[in-house]
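Encoded as structure tokens, the structure appears first; notes follow it.
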Amino acid sequence: MEIYVHTAGYEDPKLIEIEGTKLVRELLDGADGEGAELIMIEEVDEPVGLDLTIEEAGIHHRHHVHRGRCRRVTVRGRYGGRDISHEFRPVAIIRLVFDWVTGPEGFNLTPVEKAKHVLAQPGADHFLDWEVRVGSLVTTDTCEVVLDLAPKSRFEG
């Protein structure tokens, strides 16, 4: 079966091929997963047991999994000189983070203003795709991410 593996420090997932009878712990292997201790899937709040098989863990063909060391990621959203923070699971997609940042618990943008903004890492030359997992944005020494709510026009050519 093929699985999309999201890893801290890599915005894009890696598509790997692995047998469903292999242990989940084998997903921790690989140079880009250095320091990874846990495997998380979207449907479960806690890390998946490493001694389960891929199939027993409920991981299916073309499933997205996150390999990392953070059970939670603190996202600090910045906009208009203000900062807000919230914890997310590492498998949370940027679309979910954007909805929080722009919603009533965040900066409470109007629908018109919300449509004009995107999330980007500070100093980035591109905005984040909706499907990027927030755990992919952490660095090896932290479980925090800073994201700027920026105008789309900043990235348009």
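If you're wondering where the values come from, they're calculated on a predicted model, not measured in any experiment.
- A side-chain donor-acceptor contact under 3.5 Å links His61 to the backbone of Glu2.
- Judged by distance alone, the side chain of Lys114 and the main-chain N or O of Gly103 form no donor-acceptor pair under 3.5 Å.
- Val134 and Trp100 fall within the same hydrophobic cluster, defined by Ile, Leu, Val, Met, Phe, Trp and Tyr side-chain heavy atoms under 4.5 Å apart, directly or through other members.
- Shown here for Asp51 and Leu23, the closest heavy-atom pair between the two residues is O-CD2, 3.4 Å.
- Between Lys22 and Glu19 there is no salt bridge, since none of the side-chain N atoms of the basic residue sits less than 4.0 Å from a carboxylate O of the acidic one.
- Both Leu96 and Ile94 are members of a single hydrophobic cluster when ILVMFWY side chains are connected at heavy-atom separations under 4.5 Å.
- In this structure, Ile41 CD1 and His6 NE2 are separated by 12.5 Å, a value rounded to the nearest 0.5 Å.
- For Arg67 (side chain) and Leu27 (main-chain N/O), a donor-acceptor pair under 3.5 Å exists by modelled atom type.
- Classified by interplanar angle (parallel below 30°, tilted 30° to 60°, perpendicular above 60°), the ring pair Tyr79/His117 is perpendicular.
- Of all heavy-atom pairs spanning Ile84 and Gly106, the tightest one is CD1-CA, 3.4 Å.
- Taking His60 as the reference, His63 meet the ring pair (Phe, Tyr, Trp, His ring centres under 6.0 Å) condition, with sequence neighbours excluded.
- Val91 is not connected to Trp130 by any chain of hydrophobic side-chain contacts under 4.5 Å among Ile, Leu, Val, Met, Phe, Trp and Tyr, and they are in different clusters.
- Shortest non-hydrogen contact noted between Pro90 and Cys70 is CG-O, 3.0 Å.
- Ion pairing between a basic and an acidic side chain is recognised when a charged N comes within 4.0 Å of a carboxylate O; Asp148 and Arg78 show such pairing.
- Looking at Thr110, its side chain does come within 3.5 Å of a backbone N or O of Glu113 through a donor-acceptor pair.
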### Message
Applying side chain to side chain contact (heavy atoms under 4.5 Å, CB included) to Arg76 and Leu147, what does each step give before you reach the verdict?
### Response
CA-CA 6 Å; Arg76 190 175 84 179; Leu147 299 176; over 6 Å; no
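- Salt bridge absent: Glu37 and Arg69 never bring a charged side-chain N and a carboxylate O closer than 4.0 Å.
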#### Entry: Thr7 and Val5: CA distance, side-chain angles, deciding distance, side chain to side chain contact (heavy atoms under 4.5 Å, CB included) verdict
CA-CA 6 Å; Thr7 305; Val5 180; 3.9 Å; yes
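- Listed for the Arg89 side chain is a donor-acceptor partner under 3.5 Å among the backbone atoms of Val44.
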#### Entry: Evaluation steps, side chain to side chain contact (heavy atoms under 4.5 Å, CB included), between Tyr4 and Lys14
CA-CA 6 Å; Tyr4 288 100; Lys14 184 178 190 178; over 6 Å; no
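- Atom-to-atom distance recorded for Arg72:CZ and Cys143:SG is 11.0 Å, nearest 0.5 angstrom.
- For the residue pair Ala8 and His66, the shortest heavy atom distance occurs at N-CE1, 4.0 Å.
- Closest of all the heavy-atom pairs between Tyr10 and Ser136 is O-CB, 3.2 Å.
- For the atom pair Leu52 CG and Ile39 CD1, the distance stands at 12.0 Å (nearest 0.5 Å).
- Cluster membership for Ile3 and Val24, using ILVMFWY side-chain heavy atoms within less than 4.5 angstrom, is shared.
- For Glu131 and Arg133, the salt-bridge test passes: some basic side-chain N is under 4.0 Å from an acidic carboxylate O.
- No continuous path of hydrophobic side-chain contacts links Ile59 to Leu38 [ILVMFWY only; heavy atoms under 4.5 Å].
- Scanning both residues, Ile93 and Glu42, for their nearest heavy atoms gives CG2-OE2, 4.3 Å.
- The shortest distance between side-chain heavy atoms of Val73 and Glu144 does not fall below 4.5 Å.
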### Task
Show your reasoning for whether side chain to side chain contact (heavy atoms under 4.5 Å, CB included) applies to Leu149 and Leu119.
CA-CA 5 Å; Leu149 185 60; Leu119 285 175; 4.1 Å; yes
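- Evaluation of the ring pair (Phe, Tyr, Trp, His ring centres under 6.0 Å) rule for Phe127 yields Phe155 as partners, not counting sequence neighbours.
- Side chains of Glu11 and His126: a donor on one and an acceptor on the other come within 3.5 Å.
- Checked options Val97, Val75, Val146, Val145; the residue passing with Leu137 is Val145 (criterion: side-chain contact (heavy atoms from CB on, under 4.5 Å)).
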